Amino acid sequence: MAEARAQQRGGYAEDASAGNPADGGLRFEVDGEIATITLDRPEKRNAMTFATWSALARIGENLPEQVRVVVVKGEGPSFSAGIDLRMFTPEGVPGQGSFSSAAAADAATFEQRLQQAQAGYLWLRRPEIVSIAAVRGHAIGAGFQLALACDLRIVADDVAFCMKEAALGLVPDLTGTKPLVELVGLARAKDLCLTARMVHADEAVRIGLAENVVAGSDLDQAVHDKIAELLAVNRDAAAATKRLLQGAQGRSLEEQCAAEGAEQAARLKALFG
Ligand code: ACO
C-alpha cells in the first residue's frame, strides 16, 4: 500500500507531486504557533528519500497560518544520515528511482525533480516563520543541508556536521551551498565541502554553524527557551525584520537603507495609522 503510493509520489523515476509525512519518514505536529517536523526513521538514521522531500514541501505548502516557529529535529541518535544510500544502487529506492535513472533522465525532467526536492527546503526561509534545526548526532549531506535551510541551529554536544557529497562524487544541491557560504565564509565553506570532514560542536559554534551548543539531555529545553524568546516579539515586526536581514547581502547600503525605510513606514502605519 505504502509502496503503491510511493509509485505515484516520485523521485527521479516517476512524477513527484505529493507526499504525506508518514510516507516520507516524517512526523508533523502543530501546537498553536509552533510546528514540529520530526525525521522519523531512526533505525536508518533518518536517511532521506524523494518522498521525504515531497513531504517536506507539502508541509510547507499547507503550513497553518498561525504557525510562527517551525522546529526540525530527528528521532534517535542522528539528525539525519543524508540521502538514502540505496539511491547509489542499480535498484534505487522502490518507486523513487536511483541515480542511474537520474543520469538517464532528460535535462528538463532532472531539473523539475530537483526543484521539487529543493522546494522541501526553501520554504523554511519564509519571513513569516522562524525555523529552528534541533540537531543531535550526525547531520550528513542532505541532512546537513536541511539544518542549513533553517534560520537557527541549536545543537547537542555530540553534533557532527558533514558535507559528504564530494566524497561520493556529487555536489550539494539541496539549497545548502548559499547558506553555508553566508554562515562560515567562502574559504571555510570550501574547506568543509572539499574535504568532507566532520565539524563537531565546538567548531560549529566557533565558525557560526550553530547558535547554541548544549548537553544532549538539554536540547529540548534549549529549543523550548528559544521558542519562548521568539514568540515574545511582535509577529509582523519579526517577519519584516527577517525580510530585511535576508535581503541585506544582495543590496547596496543605500538600497538597504531604503528597504529599512519602506518596512518601517509599513510598521508605523500598522501600529499608529
Ligand atoms: N542511507 C540508508 N541507510 C542508512 C544511511 C543512509 N544514508 N545511513 C545509515 N543507514 C542505515 C545503516 O545501513 C544501518 O542499517 P542496518 O541496521 O539495516 O544495517 C542503520 O542505518 C544504522 O547505521 P549505522 O551505520 O550502524 O549507525 P551509526 O550510528 O553507527 O552511524 C552514520 C551513523 C555515521 C550516519 C553512518 O550510518 C553513516 O555514515 N551513514 C552514511 C552517511 C552518508 O554517506 N550519507 C550520504 C551523504 S551524501 C547526501 O546526503 C547527498
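No experiment lies behind these values; they were computed from the predicted model shown. Counting starts at 1 for both ligands and their atoms, in listed order.
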Check your understanding: So which of M163, R188, Q145 actually passes side-chain contact (heavy atoms from CB on, under 4.5 Å) with L180?
Key -> M163
Exercise for review: Check whether the side chains of D84 and T49 place a donor and an acceptor atom closer than 3.5 Å, and report yes or no.
Suggested key: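 There is no such pair (donor and acceptor under 3.5 Å, judged by atom type) between the side chains of D84 and T49.
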Exercise for review: For F144, check ring pair (Phe, Tyr, Trp, His ring centres under 6.0 Å) against everything at least two apart and list the hits.
Suggested key: F161
Point to revise | Any residue meeting salt bridge (Lys or Arg N to Asp or Glu O under 4.0 Å) with K73, in chain and number order, not counting sequence neighbours | key: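 Partners of K73 under the salt bridge (Lys or Arg N to Asp or Glu O under 4.0 Å) test: none.
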Practice item. Not counting sequence neighbours, which residues clear side chain to side chain contact (heavy atoms under 4.5 Å, CB included) with L183? List them please. Key: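 L183: side chain to side chain contact (heavy atoms under 4.5 Å, CB included) contacts with L148, R153, L209.
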Exercise for review: Return yes when atom CG of D202 has more than 12 non-hydrogen atoms of other residues, nucleotides or ligands closer than 6.0 Å, and no otherwise.
Suggested key: no
**Study point:** Residues lining ligand 1 [heavy-atom distance under 4.0 Å, listed by chain and residue number]
**Key:** E43, K44, R45, A47, A81, G82, I83, D84, L85, H138, I140, G141, A142, K164, E165, L168
